[in-house]
Number of protein chains: 2
Amino acid sequence: MGKERYTIRDIADMANVSRGTVDRVIHNRGTVSEEAAKKVQEVLEKINYEPNLIARSLKAHKDHVIAVVIPDYSDDYYWRQCANGIHRSEKEFRQFGIFLQYFEYSKTPEDYNEKFSQAIALDPDAMLIAPVYYQDSLELFHRLEEKRIPYNLINTPIEEVAYHTFIGQDYRKSGRVAAQLMNALAPHDKKILVIHVEQHLENSTHLHEKEQGFKEFYNDHNITQPIEVFTFKEAQQLNDLRTVLPGTAGIFMTTSKTYLLADHMREHENIKVIGYDLIPKNVQQLKEGKIDILIHQNPISQGYDGISLLSDYLIYKKEVPKVKLLPLDIVVSENVDCYL
Amino acid sequence: MGKERYTIRDIADMANVSRGTVDRVIHNRGTVSEEAAKKVQEVLEKINYEPNLIARSLKAHKDHVIAVVIPDYSDDYYWRQCANGIHRSEKEFRQFGIFLQYFEYSKTPEDYNEKFSQAIALDPDAMLIAPVYYQDSLELFHRLEEKRIPYNLINTPIEEVAYHTFIGQDYRKSGRVAAQLMNALAPHDKKILVIHVEQHLENSTHLHEKEQGFKEFYNDHNITQPIEVFTFKEAQQLNDLRTVLPGTAGIFMTTSKTYLLADHMREHENIKVIGYDLIPKNVQQLKEGKIDILIHQNPISQGYDGISLLSDYLIYKKEVPKVKLLPLDIVVSENVDCYL
DNA sequence: TTTTTAATTGTTCTCGTGCACAATTTGTTT
DNA sequence: AAACAAATTGTGCACGAGAACAATTAAAAA
């Protein structure tokens with residue numbers, strides 16, 4: 001039952017109409033008499049028709065260009081991983097007529113704007129974007145919508161715009177997970193620090209989300225341990241920690257700059273550290289015991305899924321989810337290898 | 001450069017021969033004059049031809065049957081999850097002519113043998129097998145090899161046989177992860193228990209692997225905390241724990257039966273518990289704080305990948321890896337939702 | 001040389017969909 | 001009723017690979 005796969009021709013025969021009529025009913029284009037439409041509909045419902053996507057894509061075969069707007073990854077391991085995921089998907093879909101154009105912006109809002117604009121000018125069939133700079137993004141996305149270019153977001157969600165799919169983490173939950181782990185590891189009689197290291201904090205709503213989630217957990221469990229929040233724009237500002245570290249039980253770093261802490265913690269070895277991302281410096285410190293836990297943001301999957309979902313949409317017109325949340329992977333030294 | 005995609009016709013034109021000749025050279029069948037073969041070869045190498053897989057699979061369209069041999073999952077959440085992954089993949093590939101035949105064995109070696117044999121008798125194009133009973137498997141696998149039926153293994157690796165791909169965890173590492181977490185959570189001045197709950201331990205090499213990995217970690221770090229190992233064939237045997245629990249810091253359960261502990265631990269609330277699998281009873285106890293950590297074995301991915309890899313092989317003749325190791329996901333109450 | 005056989009090459013059809021175009025039926029106006 | 005427009009329905013072809021079949025050429029036997 002239902003196992004057999006029917007073709008347009010089968011349906012036409014069953015409904016005593018021509019293939020063209022069936023086609024018109026399915027795609028409701030052209031004109032069809034009520035009578036014929038009804039007959040076809042009945043057959044369609046009975047057999048639960050699903051079109052042969054292979055044949056469809058063979059016919060509809062045209063090349064599709066996806067523009068990829070991501071940070072320059074020449075000296076950035078995290079974004080290089082993301083790019084690796086993109087490359088893998090690119091390779092897989094190349095034979096289905098998907099071609100990528102890369103626009104890598106150096107990490108300034110100006111260049112982001114510049115490269116993004118270049119990408120739009122290319123008039124691609126779809127776009128994959130890592131919109132690191134929130135403030136500059138809105139106007140650019142409106143231009144995409146005017147041109148009806150579908151686009152996926154990775155890493156940084158932007159609520160206000162009509163993107164296709166967002167692929168990334170639930171950052172509030174991410175913060176909660178960090179808090180639970182911190183609570184399990186760190187003694188309760190000293191204070192906890194939350195540290196942001198980020199040049200453009202005004203753009204980084206997701207860091208704020210992590211902080212909120214972290215505090216939320218402590219609130220929900222009525223833990224009155226003091227939590228202090230610090231924001232550093234530059235690595236060297238971490239020197240200020242010297243006066244803060246004494247009396248600290250654990251530190252939650254909201255970015256991949258977690259490894260920066262190590263230099264400042266030589267006399268504080270038993271402070272627990274929880275941070276983000278499996279970049280080599282972090283992984284090394286994880287293995288050395290200087291970092292206790294890393295939360296993995298799955299950059300490879302972000303890139304891979306970002307392109308795959310767009311490709312499936314372009315080739316097969318598959319429907320795509322609005323949000324694809326990636327798991328909040330907890331990484332310690334013993335399982336780090338299986339995420340690399 | 002290399003970006004364009006060439007067709008057989010393009011090649012034929014470039015080499016001044018007919019499409020048929022190009023086809024014969026590519027698949028080296030039939031007879032071709034040396035002269036013509038050389039011309040075609042030259043063109044092929046110059047343009048780095050890759051056939052259009054969509055067109056190929058449209059033409060070559062024949063239905064493939066994959067036999068699925070897994071434990072009966074009517075009252076087993078873990079295997080039902082696995083089946084869900086299989087169903088999802090089935091749905092995705094049905095339109096590409098992949099059909100599944102299920103052979104669910106009740107959990108005895110005899111029925112495993114029986115159902116497995118039935119599956120072979122069906123002469124499927126490929127098989128997906130969860131070979132829970134090691135001892136009975138070898139002969140069955142030899143029969144598959146004689147018939148040249150490709151097969152994937154999930155959940156339980158069997159080293160000696162020529163399977164296509166194994167999809168599952170590295171169980172030794174899995175035990176090591178559990179040990180590291182136990183070491184971080186449980187006090188060091190009391191003993192640690194490792195508990196197997198399994199009817200057919202002689203078949204379950206992977207449980208033994210977990211135990212080995214667990215002890216290995218403690219050895220590697222020169223931790224002299226006592227570790228005691230218990231094996232229970234039946235749930236009720238856990239009553240014996242009463243005398244053992246006092247003086248226990250933590251328990252590592254190697255199977256999904258982790259939830260069975262709770263009933264025996266009412267007076268021992270601060271014993272840390274680490275176990276396996278996100279079955280509802282475990283998840284509930286995780287949220288209630290009765291279980292501290294679960295290691296997720298990704299049954300959904302096991303099923304999904306198991307079928308997907310076979311399908312890609314059958315449809316597109318894609319090459320597949322020998323082993324696909326799934327991550328060792330660490331699950332606590334705050335991130336459990338994103339794995340469900 | 002003619003006939004037969006083998007070697008090589010060329011042509012055509014199929015897969016299922018989607019779209020353009022052709023053919024037919026229906027309805028309306030003179 | 002004839003002429004025409006509008007509505008509806010039917011048909012043919014393309015997509016690219018692959019394989020059966022037909023056609024051509026070359027070589028061997030009569």
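Every chain is numbered from 1, with letters handed out A, B, ... down the list of sequences.
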By nearest-nucleotide position on DNA chain D, the 5'-leaning member of B:L58 and B:R24 is B:L58
Of A:V17 and B:G20, whose closest DNA chain D nucleotide lies nearer the 5' terminus?
A:V17
Any base atoms under 4.0 Å from A:D23, or only sugar-phosphate, or nothing? Heavy atoms, all strands.
base
Base, sugar-phosphate or nothing for A:T31? Non-hydrogen atoms, less than 4.0 Å.
base
Expressed in angstrom and rounded to an integer, what is the separation of [X] atom [atom1] from [N] atom [atom2]?
X	N	atom1	atom2	value
A:I26	C:dG18	CD1	P	7 Å
A:K39	D:dT8	NZ	C1'	12 Å
A:I11	D:dG10	CD1	P	15 Å
A:I54	D:dG16	CD1	C1'	13 Å
B:E34	C:dA7	CD	P	14 Å
B:R29	D:dC21	CZ	C1'	14 Å
A:N28	D:dT9	CG	P	15 Å
B:N16	C:dT9	CG	C1'	13 Å

Criterion side-chain contact (heavy atoms from CB on, under 4.5 Å) on A:K322 and A:F166, from CA distance to verdict
CA-CA 6 Å; A:K322 189 72 185 165; A:F166 164 70; over 6 Å; no
Which sits closer to the 5' end of DNA chain C, A:R9 or B:A36, going by the nucleotide each is nearest to?
B:A36
Check whether any side-chain nitrogen or oxygen of [X] sits under 4.0 Å from OP1 or OP2 of [N], and answer yes or no.
X	N	result
A:T21	D:dG10	yes
B:S33	C:dT9	yes
B:R19	D:dA17	no
B:S18	C:dG10	yes
A:Y6	C:dT17	no

B:H87: ring pair (Phe, Tyr, Trp, His ring centres under 6.0 Å) partners, not counting sequence neighbours:
B:Y102
Using the ring centroid of each side chain, check whether A:F99 and A:F93 are separated by less than 6.0 Å.
no
Looking at B:Y6 versus B:Y49, is the centre-to-centre ring distance below 6.0 Å?
no
Side chain of B:K59 only, heavy atoms from C-beta on: which candidate in C:dG18, C:dT17, C:dT14 is closest?
C:dT14
What's the closest nucleotide to the side chain of B:R56 if the choices are C:dT17, D:dG18, C:dC19?
D:dG18
Enclosure of B:Y105 OH (heavy-atom neighbours >12, cutoff 6.0 Å):
yes
